[in-house]
Amino acid sequence: MSKIHNINEASGWNTDANGKKWEDYDTIVCPDGQVIDMVQLLDEQQRAKAALLHIMSFFGGFANKLRPVYTFRVPTQAVDGVNLFINPQFTYNLDLTGKVFVMAHEIMHCVLNHLRRGKAHDPEKSNVAADYECNITLADMGLIRMDTMTKLGALVDKKYSDWGYEKIYDDNPSAGGNQNMNNQNQSKDAQKNQGSQSGQGQGQGQNQQYSDDYKKGWAQAMEDYKNGKLKL
């Protein structure tokens, strides 16, 4: 079994110091000691996609088009219209329900053209508004209950039902205590506490913080859009 012990040796978005992708390994060991079975994770992601397409088949075009990129440069998951960036540790700690929900959430960002609609807006405020629109839309579609989202710490508010991203943005919602996309320990604690119910696994009690790499990634995605590299 091929194993890597230090994920901090990454030299690129989705490769280690040896140029190998994380999914090329059977097992990886995170700095906190958690062992991730990548074979299991890849299989569960395929099952999550199959489940999502069974529930809502119209997601199929985006689900099959987006290229999965396993990387530790994003705290949870992210999308740029071409790639689906997946943090292995965050995603591994979700159950199947959580994996389906997060996948649907990221695809919904594409469906709703959030990168395009938010290109002239403040990135952090835009991300909050976009998350609210994604989650209330998924709730209204019947994919996941609002109370389940709330328990997971996902940003959802019935007030925003039938509101567009722009109106939510102007309303200036705050992430408040419901969102901490970067705190891996809180994500794992939420997963332990929720039992069989899962979703984005966001912790509660702290304001959102963005790593420099995350901000650079967002800025690069915006630049790629302006240069016509994104296929939204």
Side-chain angles (χ1 to χ4, degrees), residues 12-14 45 48-49 52-53 56 58-87 90-91 99-141 143 149 154-157 160-175 178-182 199-202 208-232:
W13 269 93
N14 64 324
Q45 281 294 97
K49 183 168 76 169
L52 177 60
L53 300 190
M56 295 181 174
F58 62 86
F59 274 136
F62 282 101
N64 291 317
K65 174 184 174 183
L66 292 172
R67 180 173 71 100
V69 177
Y70 290 86
T71 175
F72 288 93
R73 295 291 188 92
V74 296
T76 54
Q77 291 189 23
V79 68
D80 65 1
V82 176
N83 303 294
L84 174 61
F85 301 104
I86 302 168
N87 182 300
F90 165 80
T91 307
K99 290 178 174 67
V100 171
F101 172 51
V102 176
M103 188 177 295
H105 174 94
E106 297 303 333
I107 291 174
M108 188 58 71
H109 279 305
C110 296
V111 173
L112 296 173
N113 280 337
H114 282 149
L115 188 61
R116 179 180 299 172
R117 295 161 71 189
K119 64 179 182 178
H121 292 162
D122 173 77
E124 295 188 22
K125 180 180 171 184
S126 176
N127 189 59
V128 170
D131 281 353
Y132 269 113
E133 185 180 28
C134 282
N135 292 337
I136 192 60
T137 302
L138 290 172
D140 288 345
M141 292 167 63
L143 179 69
M149 290 188 187
L155 295 176
V156 63
D157 191 329
Y160 296 129
S161 184
D162 296 325
W163 286 36
Y165 157 84
E166 292 79 9
K167 187 176 180 181
I168 298 173
Y169 182 91
D170 290 340
D171 192 57
N172 194 19
S174 171
N178 282 335
Q179 189 178 49
N180 187 351
M181 295 285 286
N182 296 328
Q200 285 178 285
Q202 299 159 331
Q208 175 154 339
Q209 299 293 322
Y210 289 91
S211 67
D212 289 339
D213 282 332
Y214 189 84
K215 292 177 180 178
K216 290 178 182 177
W218 177 272
Q220 184 61 55
M222 300 294 277
E223 189 64 28
D224 286 347
Y225 169 77
K226 294 175 184 177
N227 294 332
K229 295 181 180 179
L230 297 184
K231 302 174 183 178
L232 291 177

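Numbering of residues begins at 1 and proceeds along the displayed sequence.
- Among residues two or more places apart in sequence or in another chain, the side-chain contact (heavy atoms from CB on, under 4.5 Å) test is passed with Ala104 by Leu52, Phe59, Leu138, Leu143.
- Aromatic ring centres of His109 and Phe62 lie farther apart than the 6.0 Å criterion allows.
- With sequence neighbours left out, the side-chain hydrogen bond (donor to acceptor under 3.5 Å, both in side chains) criterion links Asp157 to no other residue.
- Here the NE2 atom belonging to His105 is positioned 10.5 Å from the OG1 atom belonging to Thr137, to the nearest 0.5 angstrom.
- The heavy-atom pair separating Lys99 from Ala48 by the smallest distance is CB-CB, 3.8 Å.
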query = Does the pair Leu155 and Val128 meet the rule for a side chain to side chain contact (heavy atoms under 4.5 Å, CB included), with working shown?
reply = CA-CA 8 Å; Leu155 295 176; Val128 170; 4.0 Å; yes

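- The side-chain contact (heavy atoms from CB on, under 4.5 Å) test applied to Asn64 returns Lys49, Leu53, not counting sequence neighbours.
- With sequence neighbours left out, the ring-ring contact (aromatic ring centres under 6.0 Å, His included) criterion links Phe85 to Trp13.
- Between Ser161 and Asp140, the shortest heavy-atom contact is OG-OD2, 2.7 Å.
- A 4.5 Å side-chain heavy-atom check between Leu66 and Val82 finds every atom pair outside the cut-off.
- Taking every heavy atom of both residues into account, Cys110 and Gly81 meet most closely at SG-CA, 4.1 Å.
- Qualifying side-chain contact (heavy atoms from CB on, under 4.5 Å) partners for Asp170, counting only residues two or more places apart in sequence or in other chains: none.
- When every heavy atom of Ser126 is checked against every heavy atom of Gly118, the shortest pair comes out as OG-CA, 3.8 Å.
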request  = May I have the step-by-step check of side-chain hydrogen bond (donor to acceptor under 3.5 Å, both in side chains) for Asn87 and Thr76, ending in yes or no?
outcome  = CA-CA 5 Å; Asn87 182 300; Thr76 54; over 6 Å; no

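- A search for ring-ring contact (aromatic ring centres under 6.0 Å, His included) contacts involving Tyr160 returns Tyr132, Trp163, not counting sequence neighbours.
- Scanning for side-chain hydrogen bond (donor to acceptor under 3.5 Å, both in side chains) contacts around Thr91 gives Gln77, with sequence neighbours left out.
- A donor-acceptor pair is defined here as one N or O able to donate and one able to accept, closer than 3.5 Å; no such pair exists between the side chain of Arg73 and the backbone of Asn14.
- In this pair, Tyr169 and Tyr165 present their aromatic rings tilted. The plane angle is within the 30 to 60° band.
- The backbone N or O of Val156 sits nowhere less than 3.5 Å from a side-chain atom of Asn135 that would complete a donor-acceptor pair.
- Residues His121 and His114 have side chains not in contact (no heavy-atom distance under 4.5 Å, counting atoms from C-beta outward).
- In this structure, the side chains of Met108 and Glu133 stay at 4.5 Å or more apart for every pair of heavy atoms.
- Note that CG of Leu84 is 6.5 Å distant from CE of Met103, once rounded to the nearest 0.5 Å.
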